[in-house]
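Reading through the structure tokens given below for one structure.
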Amino acid sequence: MPPSQCLSHRTSGPPPALDGGDRPPWWSQLTPEWRHQVVVPQRFRVFEEYEVAASRILGYDEAGDPCFCACDYRLTELRSDDDEEFYQAAVYAESLTTWRLLDGRWLVYRRVEPLGEEGEALGGFNVAERMPR
């Protein structure tokens, strides 16, 4: 579905310096062995879904080509402890974060969290030839 139909977006300037200080969110999931092997984003576009808990961040290099992508989705459902007052509870969460490597391939980190009693969170890295969509 095109971003204009259900998402808003905003663009930010260059990320803060990577030497010391706080790391921008796009950098925080990278392991030390991968940190110097990714293309550094110079600007970002943030898309937020208003009807469900979902977002997407795209990062672009100096030439305007995508070099970072992060997607996050959370599923909630109504719950009640007393059948009188209801609240939204998270029941599933999934995130996908990708970085373009200097050699053109993509480093992909995927994390799935079946919240509740269903099981443990699963996550891991792999390398792909193209940016996951």
Side-chain angles (χ1 to χ4, degrees):
M1 164 171 4
S4 61
Q5 287 184 353
C6 66
L7 301 169
S8 72
H9 70 276
R10 62 183 183 270
T11 304
S12 66
L18 298 177
D19 300 331
D22 293 332
R23 302 244 186 252
W26 70 272
W27 187 263
S28 63
Q29 291 177 308
L30 286 173
T31 61
E33 53 269 16
W34 289 109
R35 287 188 179 158
H36 300 288
Q37 298 181 47
V38 300
V39 176
V40 177
Q42 299 301 308
R43 66 182 181 88
F44 295 91
R45 290 181 72 192
V46 178
F47 300 87
E48 297 170 322
E49 173 64 57
Y50 290 107
E51 295 184 18
V52 296
S55 65
R56 183 174 186 190
I57 301 171
L58 293 174
Y60 300 91
D61 63 13
E62 291 177 357
D65 296 324
C67 62
F68 172 79
C69 180
C71 303
D72 185 62
Y73 169 74
R74 304 219 182 277
L75 177 64
T76 61
E77 66 181 29
L78 279 177
R79 296 224 175 135
S80 176
D81 295 330
D82 59 9
D83 289 331
E84 292 181 18
E85 294 185 31
F86 292 87
Y87 59 92
Q88 290 284 338
V91 295
Y92 178 82
E94 184 172 345
S95 62
L96 179 75
T97 307
T98 64
W99 302 264
R100 192 175 80 222
L101 298 170
L102 295 173
D103 67 6
R105 297 177 301 157
W106 287 81
L107 177 65
V108 179
Y109 179 73
R110 182 172 184 231
R111 181 175 174 87
V112 176
E113 299 177 63
L115 303 171
E117 299 177 19
E118 291 85 15
E120 294 183 25
L122 301 172
F125 286 92
N126 69 349
V127 176
E129 293 299 316
R130 297 190 310 214
M131 182 177 109
R133 301 274 174 191

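Source: prediction; values computed, not measured.
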The reported gap from CD in E77 to OH in Y87 (rounded to nearest 0.5 angstrom) is 9.5 Å
Rounded to the nearest 0.5 Å, what separates atom CD in E113 from atom CG in L122?
9.5 Å
Qualifying residues under side chain to side chain donor-acceptor pair (under 3.5 Å), relative to T97, sequence neighbours excluded
Q29
By side chain to side chain donor-acceptor pair (under 3.5 Å), which residues pair with E129, not counting sequence neighbours?
none
Which atoms form the tightest heavy-atom contact between [X] and [Y], and what is the distance?
X	Y	value
A121	P114	CA-CD, 4.3 Å
M131	T98	CG-OG1, 4.2 Å
R56	C71	CG-SG, 3.8 Å

Is it the case that the side chain of W99 and the backbone of W26 share a donor-acceptor pair, with hydrogens and angles ignored and the cut-off at 3.5 Å?
yes
Exam field: side chain Q42 to backbone V40, donor-acceptor pair closer than 3.5 Å
yes
Counting neighbours of CD on Q37 that are heavy atoms of other residues, nucleotides or ligands and sit closer than 6.0 Å, is the number greater than 12?
yes
Sequence neighbours excluded, which residues qualify as side-chain contact (heavy atoms from CB on, under 4.5 Å) partners of [X]?
X	result
A53	R74
D61	V39, A63, D65, C67, R100
Q88	T76, L78
E94	Y92, R110, V112

Acceptor/donor pairs from residues 101-108 side chains to any protein atom, 3.5 angstrom cut, sequence neighbours excluded:
residue	atom	partner	partner atom	Å
D103	OD1	R105	N	3.0
D103	OD1	R105	NE	3.4
D103	OD2	R105	NE	2.8
D103	OD2	R105	NH2	2.9

Partners passing ring pair (Phe, Tyr, Trp, His ring centres under 6.0 Å) against Y60 (at least two apart in sequence or in another chain):
none
Using the six-membered ring wherever Trp is involved, compare the ring planes of F44 and F68 and label them parallel, tilted or perpendicular (cut-offs 30° and 60°).
perpendicular
Can you pull out every salt bridge (charged side-chain N to carboxylate O under 4.0 Å, His left out) where at least one residue sits in residues 80-90? Sequence neighbours excluded, please.
none
Does F125 share a hydrophobic cluster with V38, counting links as ILVMFWY side-chain heavy atoms below 4.5 Å and allowing steps through other members?
yes
Pairwise side-chain contact, V127 with W34, heavy-atom cut-off 4.5 Å (strictly under):
yes
